[in-house]
Asks: 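Take this structure first; my questions come after.
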Amino acid sequence: MIRNTFSILNGIGDKLERKLWGAGILTWDKFIGAPDITFISAHKKTFFDESLSSALNALDHADAAYFARAIKRRDHWRLYDIFKEESACLDIETNGFMPGSGGVVTVIGIYDGFDYKCFIRDENLTAESVMEEISRYKYLITFYGSGFDIPYLLRAIPGLKFDIPHFDVCFGTRRLGFRGGLKRLESELGIARDEIVKDMNGYDAVKLWEHAQRGSSDALKILKLYNKEDTVNLYAIAGIVYQRLRTQTGIEHYL
DNA sequence: ACCTGTAACCTCTCGTTTAG
DNA sequence: CTAAACGAGAGGTTACAGGT
């Protein structure tokens, strides 16, 4: 999908992108190779050619950091198919407060499609351990992470940084017309959730952490299961949402 | 070359939505 | 409960293309 994307260019939006596709210019290579495009001035085209050449170069080197910078957040979903093999779903739990007002991260869960790893406060959760795990990936998938998880992590754990593209599935689903949070989305898409944590919400996760602090190993176990279900299910949802967003662009009519 | 009409992009504010 | 960021919508602005 990213090779078909022209909205990364400054001055090209949805309309012009579709117009390019309609003119048979479906890929970056085609654009650079076209001698002239009637509705784009020669001066602009030279400029665009350069941008697309560096993007192609970055693509050859699978340079995730380049795309994290160069592509507007709303378009990061378009990188899904080229980075999905090296992607990770991330979800955090907290003690219910905001950083600076006593808020801390209690659990960080990361799922890459095969393995689930979790970092627990006071056990193995450090800036270094989390950073080391994050650095293994080139693509981040979250649900409302751009609004909550990532800013929270950055404030609560100094030293963390994220310079890879970030597919926030929440805004993808909104654009597709879905309402509601992750749990509702799961049921609408027919994705199952473990019975034990079926009716839990984020606030329950706060209470479970409090129980765990008072010595309940069961509470911690359930909290981890809850977090795991979130990341694993998100992984499945991301693929579906990507496919639907792709269809929504209309690209398939031109291929 | 210049001017003008049109189309689409950008910026801004506001309200909605989600997270734990 | 609270904070934050995106989307929607409106208005202003740029830039292209065609006519004179």
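Note that the structure is predicted; figures quoted are calculated from it, not measured. Below, chain A is the first sequence line, B the second, and so on; all start at residue 1.
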Asks: By nearest nucleotide on DNA chain C, pick out whichever of A:Asp168 and A:Gly96 is the more 5' one.
Replies: A:Gly96
Asks: Across the strands shown, which category fits A:Asp91 at heavy-atom distances under 4.0 angstrom: base, sugar-phosphate, nothing?
Replies: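 Since only primed, P, OP1 and OP2 atoms lie under 4.0 Å of A:Asp91, the category is sugar-phosphate.
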Asks: Rounded to whole angstrom units, what separation is found between the CG atom of A:Leu20 and the P atom of C:dC16?
Replies: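 Result: 13 Å.
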Asks: Determine whether A:Tyr111 and A:Tyr235 satisfy the following criterion, ring-ring contact (aromatic ring centres under 6.0 Å, His included), listing intermediate values before the conclusion.
Replies: CA-CA 8 Å; A:Tyr111 179 69; A:Tyr235 196 87; 5.5 Å; yes
Asks: Does the ring centre of A:Phe171 sit less than 6.0 Å away from the ring centre of A:Tyr144?
Replies: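 They qualify: ring centres under 6.0 Å apart.
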Asks: Provide the start and end nucleotides, 5' to 3', of the part of DNA chain B that has atoms under 4.0 Å from heavy atoms of chain A.
Replies: B:dA8 to B:dG20
Asks: Assuming nearest nucleotide by heavy-atom distance, tell me which of A:Met98 and A:Gly172 is located more 5' along DNA chain C.
Replies: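 Its nearest nucleotide lies further toward 5', so the answer is A:Met98.
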Asks: Sequence neighbours excluded, which residues qualify as side chain to side chain contact (heavy atoms under 4.5 Å, CB included) partners of A:Ile120?
Replies: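 Partners of A:Ile120 under the side chain to side chain contact (heavy atoms under 4.5 Å, CB included) test: A:Val107, A:Cys118, A:Glu123, A:Asn124, A:Trp209, A:Leu220, A:Lys224.
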Asks: Counting C-beta onward and ignoring hydrogens, is there a side-chain heavy-atom pair between A:Lys19 and A:Phe39 closer than 4.5 Å?
Replies: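 Touching, per the 4.5 Å side-chain cut-off.
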Asks: Going by the rule side chain to side chain contact (heavy atoms under 4.5 Å, CB included), which residues pair with A:Thr173 if we only count those two or more places apart in sequence or in a different chain?
Replies: A:Phe143, A:Val169, A:Phe178, A:Leu185, A:Val241
Asks: Can you give me the bend angle of the helix from B:dA1-C:dT20 to B:dG20-C:dC1? Use the axis through the first five pairs and the one through the last five, nearest 10 degrees.
Replies: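 Roughly 30° between the end axes, to the nearest 10°.
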Asks: Categorize A:Gly180 for me: base, sugar-phosphate, or nothing, with a 4.0 angstrom heavy-atom threshold over every strand shown.
Replies: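 Here A:Gly180 touches the backbone only, sparing every base.
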Asks: Using a cut-off of 4.0 Å on non-hydrogen atoms, how would the nucleic acid contact of A:Phe39 be classed: base, sugar-phosphate, or nothing?
Replies: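 A:Phe39: backbone/sugar contact only, no base atoms under 4.0 Å.
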Asks: Quick one: does A:Thr106's side chain have a donor or acceptor within less than 3.5 Å of a partner on A:Arg121's backbone?
Replies: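 No.
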Asks: Which heavy-atom pair separates A:Leu154 from A:Lys161 by the least distance, and what is that distance?
Replies: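 Reported closest heavy-atom pair: CD2-CA, 4.2 Å.
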Asks: Which of residues 204-223 of chain A have a heavy atom under 4.0 Å from DNA chain B?
Replies: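 Of all residues in residues 204-223 of chain A, the ones placing a heavy atom under 4.0 Å from DNA chain B are A:Ala205, A:Val206.
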Asks: With distance as the sole criterion, is a donor-acceptor pair present between the side chains of A:Asp91 and A:Thr231 under 3.5 Å?
Replies: no
Asks: List the atom of A:Leu125, the atom of A:Phe119, and the distance in Å for their closest heavy-atom pair.
Replies: CD1-O, 3.7 Å
Asks: Could you list the donor-acceptor pairs under 3.5 angstrom formed by side chains in residues 22-37 of chain A, with sequence neighbours left out?
Replies:
unit_1  : atom_1 : unit_2  : atom_2 : d
A:Thr27 : OG1    : A:Lys30 : N      : 3.2
A:Trp28 : NE1    : A:Ile2  : O      : 3.4
A:Trp28 : NE1    : A:Thr5  : O      : 2.7

Asks: Between A:Thr249 and A:Arg78, is there a side-chain heavy-atom distance shorter than 4.5 Å?
Replies: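 Sidechains of A:Thr249 and A:Arg78: in contact.
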Asks: List, by chain and then residue number, the residues other than A:Val206 in its hydrophobic cluster (Ile/Leu/Val/Met/Phe/Trp/Tyr, side-chain heavy atoms under 4.5 Å); write none if there are no others.
Replies: A:Tyr203
Asks: Base, backbone or nothing for each nucleotide of nucleotides 8-14 of chain C, written B, S, -, heavy atoms under 4.0 angstrom, 5' to 3'?
Replies: -------
Asks: Without hydrogens or angle criteria, can the side chains of A:Thr142 and A:His166 be said to hold a donor-acceptor pair below 3.5 Å?
Replies: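 The criterion, which ignores hydrogens and geometry beyond distance, is satisfied for A:His166 and A:Thr142.
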Asks: Output all residues satisfying side chain to side chain contact (heavy atoms under 4.5 Å, CB included) with A:Arg193, sequence neighbours left out; order by chain, then residue number.
Replies: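 Applying side chain to side chain contact (heavy atoms under 4.5 Å, CB included) to A:Arg193 gives A:Leu182, A:Lys183, A:Glu186, A:Val197, A:Tyr226, A:Glu229, A:Asp230, A:Asn233.
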Asks: Under 30°, 30 to 60°, or over 60°: which ring-plane class applies to A:Phe167 and A:Tyr139, parallel, tilted or perpendicular?
Replies: tilted
Asks: Given A:Asn227 and A:Tyr116, is the side-chain hydrogen bond (donor to acceptor under 3.5 Å, both in side chains) satisfied, shown in steps?
Replies: CA-CA 10 Å; A:Asn227 180 262; A:Tyr116 168 77; 2.5 Å; yes
Asks: With the threshold set at under 4.0 Å for non-hydrogen atoms, list the residues of residues 144-160 of chain A touching DNA chain B in residue-number order.
Replies: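 Residues of residues 144-160 of chain A under 4.0 Å from DNA chain B: A:Tyr144, A:Phe148.
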Asks: What's the verdict on salt bridge (Lys or Arg N to Asp or Glu O under 4.0 Å) for A:Asp49 and A:Lys45, showing C-alpha distance, side-chain angles and the deciding distance?
Replies: CA-CA 6 Å; A:Asp49 285 346; A:Lys45 183 165 187 307; 3.0 Å; yes
Asks: Taking side chain to side chain contact (heavy atoms under 4.5 Å, CB included) as the test, write out the residues that go with A:Ala65, two or more places apart.
Replies: A:Asp63, A:Arg69
Asks: Residues from residues 41-55 of chain A sitting under 4.0 Å of DNA chain B, heavy atoms only?
Replies: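 Residues of residues 41-55 of chain A under 4.0 Å from DNA chain B: none.
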